[in-house]
Amino acid sequence: MHIVVIGTGIVGACTAAWLQRDGHAVTFVDPLDAGEACSFGNAGSLSPSACLPVGMPGMWKKVPRWLLDPLGPLTVRWAYAPLVAPWLLRMLHHSSREEVTRIATALRALLAPIFDCYDPLLVHADARELVRRSGCLYVFSSRETAAQWAWGMNLRRSLGVRMQDVEQDELESLEPDLKGRFRFGILAPDNGSTSDPSALVKAIYNRCIGDGARHVRDRVRGFERQGRRVTAVLLEQGEPLAADGVVVAAGAWSGALATQLDSPVMLETQRGYHVTVQSSNLALRHTVMAVEHNLMVNPMAMGLRLAGTVEFALKAPPNMARADALLRQGQQLFPHLDTSSFTRWMGHRPCLPDSLPVVGPVRAADNAWLAFGHGHMGMCMGAATGREIAHLVAGRPTQVDLTPFSPERFR
């Protein structure tokens, strides 16, 4: 079949690669080159342990303080607050212990096969060197402070995530550059990361193109349908693109397309920021998550990337003061960090209020599938999502129970 994949981010690229393994012809539709947008600016984590949702028990107590801090970990531009309020309330509804356990269980199922799902794609693209499995360190100022996050860490363990306590001496031995700021850690040894997220996406995409995929650089404005089938994708500039099937994997721009396919979802855009310190003199061997500061630190080919902030603001100009705040946090945690050269970035992350992506068929069309809403974990779940979509297209049973990710959960 000829499948149109809307989107050239990590989810779209992996979906196309898995579809090609089944012998399908693929056409990408995206005005951007592959590996741009969030697939360029993410933190690069590949974490089977990252199964906790954004909304956690007790979060409601912190939200008012966060919203009053324009540089805090979660903020809303006041002009946008009325529009995002229903989404935030729904997120808080999903933050009970029962809901978090349900959501984490579903996320764990999609995260556990990260490397099994990436490996055949990377081998075929000759890009295995872009992925490393060096583990992630969750670090804290003290063991007593870490106890505040014990419930979530124990939930991870109950779902099969390996988590190993690391005392101060061992922590400083594992990562000498952490000395002085952190006195306790938890190692997730099965985690990994990519040294260059954009290069990873481009490698998988380029292999798809080499295997015969096309890329139409245009925006999708709608669909032609006959009965229960999508027959063509309507473009803003070009002629209608005939298709035997369509996969919507356009990230933050997927909501309107899903609505046109009669599958409305509560998609929201979380604006994420990062700073990449090109002059970094740190020699970190692990991805580091400074939990108290909500700061992810990942050594990459282009420098040390610092990420970990959420802003609801839609089309407002970027507030690069938020990126600067990340840099200041990095300087406080690593006083000897050389920050003489750095870059800043802002991108749109597609998020659902329950932190679960939409992965599944469109109810009103027999040949359309949705694959978006992965939030800040698109790089983590992209390959597994692509594999499961390929199963759906082929009519095979999926390897992951996709019921929790159904678009129908918002009706």
>> If the condition is side chain to side chain contact (heavy atoms under 4.5 Å, CB included), which residues does Ser406 pass it with, not counting sequence neighbours?
In response: Glu408
> Asn191: what forms a side chain to side chain contact (heavy atoms under 4.5 Å, CB included) with it, not counting sequence neighbours?
Replying inline: Ser47, Pro48, Ser49, Cys136, Tyr138, Ala188
[X] [atom1] to [Y] [atom2] distance, which is reported to the nearest 0.5 Å:
X: Leu261; Y: Trp369; atom1: CG; atom2: CH2; result: 11.5 Å
X: Ile204; Y: Leu122; atom1: CD1; atom2: CG; result: 5.5 Å
X: Met266; Y: Cys351; atom1: CE; atom2: SG; result: 12.5 Å
X: Leu327; Y: Leu337; atom1: CG; atom2: CG; result: 7.5 Å
X: Asp196; Y: Glu129; atom1: CG; atom2: CD; result: 10.0 Å
X: Glu98; Y: Arg102; atom1: CD; atom2: CZ; result: 11.5 Å

Of all the heavy-atom pairs spanning [X] and [Y], show the shortest one and how long it is.
X: Met302; Y: Ser195; result: CE-O, 3.9 Å
X: Ser95; Y: Leu92; result: OG-O, 2.5 Å
X: Gly330; Y: Leu306; result: CA-CD1, 4.0 Å
X: Leu155; Y: Ala104; result: CD2-CB, 3.8 Å
X: Cys14; Y: Tyr118; result: SG-CE2, 3.9 Å
X: Leu257; Y: Phe223; result: O-CE1, 3.7 Å

Got [X] and [Y] here, is their nearest side-chain heavy-atom distance under 4.5 Å?
X: Ile186; Y: Met153; value: yes
X: Val246; Y: Val233; value: yes
X: Leu284; Y: Val297; value: yes
X: Ser193; Y: Arg132; value: yes
X: Ser280; Y: Phe334; value: no
X: Arg409; Y: Leu356; value: yes
X: His24; Y: Trp18; value: no
X: Met289; Y: Asn294; value: yes

Salt-bridge criterion met for [X] and [Y] (N-O under 4.0 Å):
X: Arg225; Y: Asp262; value: yes
X: Asp190; Y: Arg156; value: no
X: Arg229; Y: Asp244; value: no

Do [X] and [Y] pair up side chain to side chain, a donor and an acceptor below 3.5 Å, judged on atom types alone?
X: Arg322; Y: Asn319; value: no
X: His94; Y: Ser96; value: no
X: Ser134; Y: Arg285; value: no
X: Gln278; Y: Thr343; value: no
X: Thr339; Y: Gln331; value: yes
X: His215; Y: Thr27; value: no

Does any N or O in the side chain of [X] come within less than 3.5 Å of the main-chain N or O of [Y], such that one atom is a donor and the other an acceptor?
X: Lys202; Y: Gly35; answer: no
X: Gln329; Y: Leu295; answer: no
X: Asp30; Y: Leu32; answer: yes
X: His2; Y: Val26; answer: no
X: Arg221; Y: Leu234; answer: no
X: Ser39; Y: Ser198; answer: no
X: Asp218; Y: Leu235; answer: no
X: Thr145; Y: Ser141; answer: no
X: Arg90; Y: Pro353; answer: no
X: Ser263; Y: Thr259; answer: no

>> Quick check on Glu236: does its CD atom have over 12 non-hydrogen neighbours (other residues, nucleotides or ligands) under 6.0 Å away?
In response: yes
>> Can you tell me if Arg128 has over 12 outside heavy atoms packed within less than 6.0 Å of its CZ?
In response: no
>> Applying side-chain contact (heavy atoms from CB on, under 4.5 Å) to Asp177 and Glu175, what does each step give before you reach the verdict?
In response: CA-CA 5 Å; Asp177 279 319; Glu175 291 290 3; 5.5 Å; no
>> Please evaluate residues Leu304 and Asn298 with respect to the criterion side-chain contact (heavy atoms from CB on, under 4.5 Å), reporting the C-alpha separation (whole Å), side-chain torsions for both, the decisive distance (0.1 Å), and the verdict.
In response: CA-CA 6 Å; Leu304 190 72; Asn298 192 8; over 6 Å; no
> Going through the checks in order, is the side chain to side chain donor-acceptor pair (under 3.5 Å) test met by His274 and Asn42?
Replying inline: CA-CA 8 Å; His274 85 221; Asn42 67 83; over 6 Å; no
Tabulate below the donor-acceptor pairs under 3.5 Å that side-chain atoms of residues 372-394 make, not counting sequence neighbours, or state none.
{"residue": "His374", "atom": "NE2", "partner": "Thr385", "partner atom": "OG1", "Å": "2.9"}
{"residue": "Thr385", "atom": "OG1", "partner": "Met381", "partner atom": "O", "Å": "2.8"}
{"residue": "Glu388", "atom": "OE1", "partner": "Gln399", "partner atom": "N", "Å": "2.9"}
{"residue": "Glu388", "atom": "OE1", "partner": "Val400", "partner atom": "N", "Å": "3.1"}
{"residue": "His391", "atom": "ND1", "partner": "Arg396", "partner atom": "NE", "Å": "3.0"}
{"residue": "His391", "atom": "ND1", "partner": "Arg396", "partner atom": "NH2", "Å": "3.2"}
{"residue": "His391", "atom": "NE2", "partner": "Gln399", "partner atom": "OE1", "Å": "2.7"}

> Does Arg133 make a cation-pi contact with Phe115 (under 6.0 Å, within 45 degrees of the axis)?
Replying inline: yes
> Phe182 vs His293 aromatic rings, parallel, tilted or perpendicular, using cut-offs 30° and 60°?
Replying inline: perpendicular
> Can you say whether the rings of Trp253 and His348 are parallel (under 30°), tilted (30 to 60°) or perpendicular (over 60°)?
Replying inline: perpendicular
> Between Asp324 and Arg344, does a side-chain contact (heavy atoms from CB on, under 4.5 Å) hold up when you go through it step by step?
Replying inline: CA-CA 8 Å; Asp324 294 339; Arg344 303 178 298 178; 3.0 Å; yes
> Given Trp149 and Glu292, is the side-chain contact (heavy atoms from CB on, under 4.5 Å) satisfied, shown in steps?
Replying inline: CA-CA 9 Å; Trp149 284 269; Glu292 295 157 76; 3.7 Å; yes
